[in-house]
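Remember, it's 1-based here, ligands and their atoms both numbered in the order they're listed.
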Amino acid sequence: VITRADCLDRDRGDRLAPLRELFDLEAVDREGLIYLDGNSLGVLPRKTTERLRQVISEEWGAGLIRSWNTPRPGSGQAAGWITLSQTIAGKIARLINVNAREVVVADSTSINLFKVLNAAIAIQQDTGRTRIVSERTNFPTDLYIADSAAKAHGFELVLVDDRELAASIDNSVAILLLTHVNYRTGRRHSMGELTHAARAAGAIMVWDLCHSAGAMPVDLAGADFAVGCGYKYLNGGPGAPAFVWVHPRHLARMDRDRWRQPLSGWLGHAAPFAFTPEYEPAAGIDRFICGTPPVLSLSALECGVDTVLAADAHGGLNAIREKSIALTDLFIELVESRCGDQELSLVTPRQAEQRGSQVSFVHPTSGYPIMQALIARGVIGDFRAPDILRFGFTPLYTRFVDVWDAVDRLTQVLGQGEWRDPKFSERAAVT
Ligand SMILES: Cc1ncc(COP(=O)(O)O)c(C=O)c1O
């Protein structure tokens, strides 16, 4: 049996442990909370509060409009706000193992997906292929956006089950749109194999990295496009801007064809401050920018991304992945050994390589009230209809002892039937 003392021991031996200090967890620790929802909203980095204060009072308050151009103090950078998006893109590029000039930070994942799918459709337009294939359990925004993009161009969205995925990749597929780690089950696709299969079939491979960027190394070799969000494992804050990656072979072709993305806003123009009435796309990845960058949100995102980059000195993304596997393994083992008599069943793969940084259990009737009762006991996970209890493990700030304590409280909620109190069945707007 694993004891709490064993978990404390593992924390003492954890090379990522010093990184917890980068986060503002004082209120969480004071209240005795255990936060297992970094796969939905990352924790506030300590630096963010001071950085936003500085941006608001010094750069906006005192600098006013001059701050678009003035260098950031001590940054050594040629300009301030106007290149902030590119600065952060360069940092995110390191986390997803691509070149800086292949990424932009802008808008939301949904919007970026719309741009990317339109680019992919343009590439496949004359091939006679019209099928955009995705997974039935992909995150709904991906499916809704894909459906809109498909309908606008005479393409169709075809949904398949996970089991049928490999068999469905044939030379009728125009675009394969997949999320690396499934938001419900935490199942992780084999990125390399699926990308290879898509390419071999002549399909364009689009990856959604929302549940992987910052949580594990990703290998986009051979892929065509990727999008991802800033507010989960990148700790950028609620509604943080998202990112887009485009393979340079497509960027070169877009330059050649003078391709414009459908959201052809002025800051994606080749010369925004020429104020010409005609749109001329910027070269390369910058054409994926639309309007004015949200400077406050970007400033917070940069602090979040920096917390992940800080892991470089402690083993980087490989160490993050290693600890993520250890935390999720421990959670599965403890829940199954201590709550085995309850009706919880694991829907996340047992094999670590097939799993992201979250663990999900299904409860056949009462997932929602169980999660609410657990939150009332200070363990914050979340619920995904109709029956999934989700627990996210962010290795930068989650300790082994947190896993032990969380399961301990889960045993109390279940064993004493606390969740049966009717107040836990009242649905909030966000679950
Ligand atoms: C896989 C995936 N894609 C997209 C989104 C959300 O996109 P947006 O930031 O545009 O709301 C989420 C949100 O949880 C997600 O899990």
Exercise. Can you name the residues that come within less than 4.0 Å of ligand 1, going by heavy atoms only?
Worked result: S108, T109, S110, F139, T141, D142, T179, D208, C210, H211, Y231, K232

Exercise. What do the steps show when you test R184 against T137 for side-chain hydrogen bond (donor to acceptor under 3.5 Å, both in side chains), and what is the final call?
Worked result: CA-CA 8 Å; R184 304 174 69 79; T137 63; over 6 Å; no

Problem set entry | Between N182 and H211, a side-chain donor and acceptor under 3.5 Å | no

Exercise. Is the F331-W404 ring centre distance short of 6.0 angstrom?
Worked result: no

For this session: Could you tell me whether R355 and D329 make a salt bridge, using a distance below 4.0 angstrom between a side-chain N and a carboxylate O?
Result: yes

Problem set entry | With sequence neighbours excluded, residues passing salt bridge (Lys or Arg N to Asp or Glu O under 4.0 Å) with R409 | none

For this session: Please report the C-alpha distance between W245 and F288 in whole Å, then the side-chain angles of each, then the deciding distance to 0.1 Å, and finally whether the ring-ring contact (aromatic ring centres under 6.0 Å, His included) criterion is met.
Result: CA-CA 9 Å; W245 168 76; F288 281 84; over 10 Å; no

